[in-house]
Student: 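Supplied in structure tokens, the structure appears directly below.
Start at 1 and go down the list; that is how both ligands and their atoms are numbered.
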Amino acid sequence: MWPFTDSYPARPLATLRSQYDYIVVGGGTAGCVLARRLSEDQPTCTVLLVERGDASNNFLDTTPLLSIHHMSTGRRSTVIPSTPHARLGRTFPLVCGVGLGGTSRINGGQYTCGVPAQYNAWSDQGRVGWSYDEFKPYFLKSERWTGPVPQEYHGLNGPLEVRSFEGYHYECSRRAADAVRKIGFRDIIDMHSPFEPSIGFNKMQYTVDSTGRRHSAFRAYLPAEVVRGRPNLHVCINVVATRVEFSEGSDGTNSAEGVELESLDRSLKRIITARREIVLSCGALRTPQLLLLSGIGPISHLREKGIRVVRGTPGVGQHLQDHVIIQTTYNCPLSDSLYAMVKQPTTFLRETYNYLRHGAGWFLCTLAEVEIFGLSSVINSDGKPAMLSEEQLNPYNPANLPDFCVLVAPIGDPSIPGVDTTKGVLSINAGLMLSKSFGNVRLGSTDPRVEPLCDMQYLTAPEDRAALRAALRVTNAIARQLREEGYEIDPVRVPDVSSDAAIDEYIDKYVDTMYHYTSTCRMAPEDDVRPGVVDDELRVHGVRKLRVADASVIPNVPAAHPQALVYALAEKCADMMRMSAEPTGL
Ligand SMILES: Cc1cc2nc3c(=O)[nH]c(=O)nc-3n(C[C@H](O)[C@H](O)[C@H](O)COP(=O)(O)OP(=O)(O)OC[C@H]3O[C@@H](n4cnc5c(N)ncnc54)[C@H](O)[C@@H]3O)c2cc1C
């Protein structure tokens, strides 16, 4: 019984039909959207969703603070260690969500749709149907905004609840917001409005529902009552898709016909076929793995692994991108830091009461309440932005796309040498938004259960360092301003910002993943300088009946946290599939 268990109407592998109209592989952020939409209005159209994890929806999964970032390999997430970075000599823990809802079940819940220029740049690159005006309706379709800032640029009737809050949960966030304003960043009142500046400071919005529970793709799109009410939708959990099966037509073109599925305990293997289409939504690290295992990818790599080539598609697994983050750490008053929950039983009891009684307070996990979206070219050597003209703030101009972010959080690593553990810990984090470095995903093994090799290649492009240097200078300027205002913060681990070389040393030592992997099956033509894998309708080039819809198709890592975009692109994919489908005739 709730809060410890939740029965879910999933179907065992053995009882599945042998054929469905659509098969969605991967029940994560995008997969839940697709399963719901494809099964929506035609009771005769059958849909199968397969997911390697479970359908857990208990107190731990839905309490935002307790469900974030399960760093160890287990029921809710797996950690894929990247391959050692060639220059930094370190590996990075690539956390991925597992189970219905996928990474939306464990992520930070920050919801940012990105500025119009982001999508107009895609359209300028030739992506038909993806300009801001064409794509924005899908953000609105997925969202149910519950306030409190103005509503006009939000969706009000979608399945996914999104909200922000009056004021700040943490005094350090409130103070940081003041400091950020004082050093010259403009307020972005509502990032979802196309009239707000592209560069400025944003009060964060979250995928938390009005009762204070995490709204993952699972809870929003595929709750038990939706699945129970749709006999045409079958959800099968704890199964691994190991391969896509193809048939070759008389013209030599391959068609995706089915998916090989294996139960997690290896007791059963079946091939289920799709009458209309198969969509891969296994995330940016595992969708390319599944394509490679199925014989679609760079020919030399497939041959090296002894995999029969179905189609040589050079872009599969290439162009891996991510946001990276670098923490700067300060001691602050204990009562202003999440650390107070650990150090002060009264704070813990207060917040537990707040959450259980009112669905409010620190358990909502509003850790990053303040975020700057910045552009390195306008940051002075003292970390402050230059005076910007209206044109420089125009969110429609691709030249103004933010290339870095700064996130202030009432939490930091208390084990860092030099932390005064009698005080609170806060971090001011520098993040890279528009990475220009490209890594790749390859197969280490042909065993589908062995994690792929992910070579992140962070910071191989010099522009990335320039953006991070500016971001770190901004972190320093915020701290300086806070101190000038009389706020008691003491540096624990911060960069020396007096020279680029000193900042670079800090970057190399502390750069880490922000877990926003994208673009490994990017939407672009195959003859692009960075070859694409899917076309503008997310169909895999040169193959029939196969699409990809998840973070892997994003053409380049966006200048925003990616989940809002993943929801929207899955909505758009479902629409495109429904529009291109012929009636079932059943
Ligand atoms: C710790 C963390 C914090 C984050 N915080 C934020 C944030 O605050 N805001 C934000 O915007 N973004 C955030 N992100 C990123 C964002 O959550 C992801 O980009 C997004 O959820 C990815 O969605 P997806 O559909 O591509 O993949 P996922 O949601 O990961 O879904 C993939 C699904 O496929 C399943 N699967 C994989 N392989 C197979 C297989 N062979 N057979 C069957 N099933 C399979 C997986 O189990 C998983 O459920 C965060 C990510 C992490 C890891």
Student: I want to know if ligand 1 touches I106 in the polar sense, i.e. an N/O pair below 3.5 angstrom.
Tutor: no
Student: Are any of the N/O atoms in Y111 less than 3.5 Å from those in ligand 1?
Tutor: no
Student: Judging by distance only, is a nitrogen or oxygen of G99 under 3.5 angstrom from one on ligand 1?
Tutor: yes
Student: Pair up each side-chain donor or acceptor in residues 93-102 with any protein partner under 3.5 Å, not counting sequence neighbours, and list the distances.
Tutor:
none

Student: Quick one: ring-ring contact (aromatic ring centres under 6.0 Å, His included) partners of F218, sequence neighbours excluded?
Tutor: Y8
Student: For K436, is there an ion pair with D464 - N to carboxylate O distance below 4.0 angstrom?
Tutor: no
Student: Mind checking whether Y119 and W122 have parallel, tilted or perpendicular rings, split at 30° and 60°?
Tutor: perpendicular
Student: Check each heavy atom of V239 against ligand 1 and say whether those closer than 4.0 Å belong to the side chain, the backbone, both or neither.
Tutor: backbone
Student: Decide whether an N or O pair under 3.5 Å exists between A284 and ligand 1.
Tutor: no
Student: Is there a polar contact, in the sense of an N or O pair closer than 3.5 Å, between E51 and ligand 1?
Tutor: yes
Student: What about R286: any of its N or O atoms under 3.5 Å from an N or O on ligand 1?
Tutor: no
Student: Are the side chain of S435 and the backbone N or O of S437 linked by a donor-acceptor pair below 3.5 Å?
Tutor: yes
Student: Indicate whether the side chain of H192 and that of E143 have a donor and an acceptor atom separated by less than 3.5 Å.
Tutor: no
Student: For C96, is the nearest heavy atom under 4.0 Å from an atom of ligand 1?
Tutor: no
Student: Below 3.5 angstrom, do we get any N/O pair linking V98 and ligand 1?
Tutor: no
Student: Are any of the N or O atoms of D550 closer than 3.5 Å to those of ligand 1?
Tutor: no
Student: V566: heavy atom below 4.0 Å from ligand 1, yes or no?
Tutor: yes
Student: Counting heavy atoms only, which part of H516 comes closer than 4.0 Å to ligand 1: side chain, backbone, both or neither?
Tutor: side chain
Student: Parallel, tilted or perpendicular: which one describes the rings of H85 and Y458, with boundaries at 30° and 60°?
Tutor: parallel
Student: Purely on distance, is any nitrogen or oxygen of Y515 under 3.5 Å from one on ligand 1?
Tutor: no
Student: Would you check the N or O atoms of G108, main chain and side chain alike, for any that come under 3.5 Å of an N or O of ligand 1?
Tutor: yes
Student: Applying a strict 4.0 Å limit to heavy atoms, is S281 in contact with ligand 1?
Tutor: yes
Student: Any idea which of M514, R105, Q110 brings a heavy atom closest to atom 9 (N) of ligand 1?
Tutor: Q110
Student: Under the criterion salt bridge (charged side-chain N to carboxylate O under 4.0 Å, His left out), I'd like the reasoning laid out for R213 against D209: C-alpha separation, chi angles, the key distance, then a yes or no.
Tutor: CA-CA 5 Å; R213 294 161 75 203; D209 72 14; 5.1 Å; no
